[in-house]
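By convention in this document, chain letters (A, B, ...) are assigned in the order of the sequence lines, proteins followed by strands, and residues within each chain are numbered from 1.
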Amino acid sequence: MKIGYPCINRSLDCKGNRTFRLKSYSEERLIETVEKNLECLQNMLEFNTERDLYFFRITSDLVPFASHEVNDFDWRAHFERRFKKIGKIIEGNDIRINMHPNQFIVLNSDKENVYKNSVEELRYHAEVLDSLGLDESAKIQLHVGGVYYDKEKSMNRFAERFLDLDDRLRNRLVIENDERSYSISDCLSIAEDTDVPVVADYLHHKIKNEGKSFEDIISRVSETWSEDDGRMMVDYSEQAEGEKEGRHAETLHEANFTKFLERTKDHDFDLMLEIKDKEKSAQKALKIAEKIKI
DNA sequence: TCACGTCAAGCAGAT
DNA sequence: ATCTGCTTGACGTGA
């Protein structure tokens with residue numbers, strides 16, 4: 001099991017997700033921003049390996065406006081060596097990487113332009129992972145999308161469009177259950193038609209689960225991951241006590257996390273901790289995991 | 001330096 | 001109708 005956290009490190013004084021307003025777009029600004037983001041990405045990866053955190057989610061903001069029409073700069077060529085260098089660090093330390101496009105990426109949208117833009121944005125994500133020289137175990141994790149008053153049709157539309165993607169991109173995609181539309185069971189049903197691996201999100205499953213327990217369903221989820229896909233990925237987060245349902249907790253709760261590990265001890269997976277205090281909770285989680293030694 | 005309105009983009013559920 | 005939250009709040013103007 002590898003443990004990691006998404007996108008941001010609060011202990012370091014660099015920011016790896018710098019961006020700027022579309023209004024301020026210029027090639028100089030883009031280069032400057034990507035330069036700093038890559039530098040910080042490297043810092044974060046080094047920070048992580050020094051602390052035995054070998055799973056990391058790279059921010060979608062790494063290259064701002066990468067898939068926007070305003071951007072015709074060949075950032076891949078310009079930063080090729082930088083990407084390769086970071087890729088070597090990733091490879092050398094056997095770090096697992098994923099990315100998670102934001103909410104605007106909806107592959108199954110009923111609007112043609114949203115679909116088109118989503119594919120472009122997914123291509124950008126794949127280009128980042130390709131530039132780093134990573135194999136297809138580096139994943140791009142997305143939700144199934146909208147329901148549009150007809151869930152079956154919307155799931156079919158997802159499957160069709162997924163199968164229609166280029167191999168290189170499709171082989172990097174994985175789908176994650178969300179807390180209101182598509183449960184793990186729904187994702188598994190899509191996986192049957194498409195062979196897309198499924199990422200199980202523990203908190204989302206707690207909120208939407210059709211009465212199935214996490215430990216029961218995780219076996220079927222693990223079967224969606226092939227050899228080339230790498231180890232199954234699981235997302236873990238906790239409900240912020242007293243806050244609205246689905247809100248992430250500020251810090252990891254030891255007793256909850258211990259219980260989670262015990263409930264899932266029959267399975268090996270890489271674990272992404274979606275907890276507000278990031279690397280702090282990740283280090284805490286690592287200690288707990290080592291203590292009870294799964 | 002700080003407060004705060006706004007930010008490329010979608011969607012569903014709550015208010 | 002409008003607001004909120006989402007993998008992550010950050011940018012940027014005005015005082």
Measuring from the side chain of [X] (C-beta onward, heavy atoms only), which nucleotide among [options] has the closest atom?
X         : options                 : result
Ile8(A)   : dG9(C), dT7(C), dA12(B) : dG9(C)
Leu22(A)  : dG9(C), dT7(C), dA8(B)  : dA8(B)
Glu121(A) : dT8(C), dA8(B), dG10(B) : dA8(B)
Asp61(A)  : dA8(B), dT8(C), dG12(C) : dT8(C)
Ser109(A) : dC11(B), dA9(B), dC6(C) : dC11(B)

For [X], which contact category applies under a 4.0 Å heavy-atom criterion: base, sugar-phosphate, or nothing?
X         : result
Val147(A) : sugar-phosphate
Glu274(A) : sugar-phosphate
Ser60(A)  : nothing
Asn17(A)  : base
Tyr148(A) : sugar-phosphate
Ser118(A) : nothing

My understanding is that a pair needs two contacts under 3.5 Å, Watson-Crick or G-U wobble. By that rule, which nucleotide pairs with [N]?
N       : result
dA9(B)  : none
dT7(C)  : none
dT13(C) : dA3(B)

Integer angstrom distance from the [atom1] of [N] to that of [M]:
N       : M      : atom1 : value
dT7(C)  : dC4(B) : P     : 28 Å
dT13(C) : dA8(B) : P     : 12 Å
dG5(B)  : dT8(C) : P     : 23 Å
dC3(C)  : dT6(B) : C1'   : 15 Å

Base dA14(B) to side chain Arg180(A), donor-acceptor N/O within 3.5 Å cut-off: no
Protein-nucleotide distance ([X], atom [atom1]; [N], atom [atom2]), rounded to Å:
X         : N       : atom1 : atom2 : answer
Lys111(A) : dA8(B)  : NZ    : C1'   : 16 Å
Tyr115(A) : dG10(B) : OH    : P     : 17 Å
Lys151(A) : dC11(B) : NZ    : C1'   : 14 Å
Glu69(A)  : dA8(B)  : CD    : P     : 13 Å
Lys276(A) : dG5(C)  : NZ    : P     : 9 Å
Glu32(A)  : dC11(C) : CD    : P     : 11 Å
Ile207(A) : dC6(C)  : CD1   : P     : 10 Å
Leu122(A) : dG10(B) : CG    : C1'   : 14 Å

When you check the phosphate oxygens OP1 and OP2 of [N], does a side-chain N or O of [X] lie under 4.0 Å from one of them?
X         : N       : value
Lys15(A)  : dC11(C) : yes
His204(A) : dT7(C)  : yes
Arg29(A)  : dG12(C) : yes
Arg10(A)  : dG9(C)  : yes

Are [X] and [Y] ion-paired here, with the side-chain N under 4.0 Å from a carboxylate O?
X         : Y         : value
Glu112(A) : Lys116(A) : no
Arg10(A)  : Asp277(A) : no
Arg170(A) : Asp164(A) : no

Identify whether a stacking contact exists between Phe104(A) and dA9(B), where the ring centres must be under 5.5 Å apart and the planes under 30° apart. yes
Practice problem: For Phe20(A) and for Lys278(A), locate the closest nucleotide of DNA chain C by heavy-atom distance; then report the residue assigned to the nucleotide nearer the 5' terminus. | Solution: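 Going by which nucleotide is closer to the 5' end, it is Lys278(A).
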Exercise. With a cut-off of 6.0 Å (strictly less than), are more than 12 heavy atoms of other residues, nucleotides or ligands near NZ of Lys151(A)?
Worked result: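 Buried by this count: over 12 neighbours within 6.0 Å.
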Will you find, in the side chains of Asn117(A) and Tyr115(A), an N or O donor that is under 3.5 Å from an N or O acceptor?
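No.
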Any side-chain heavy atom of Val221(A) within less than 4.5 Å of one from Phe214(A)?
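Side-chain contact under 4.5 Å: no.
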Checklist entry - Going by the angle between their ring planes, with limits at 30° and 60°, are Phe158(A) and Phe162(A) parallel, tilted or perpendicular? => result parallel
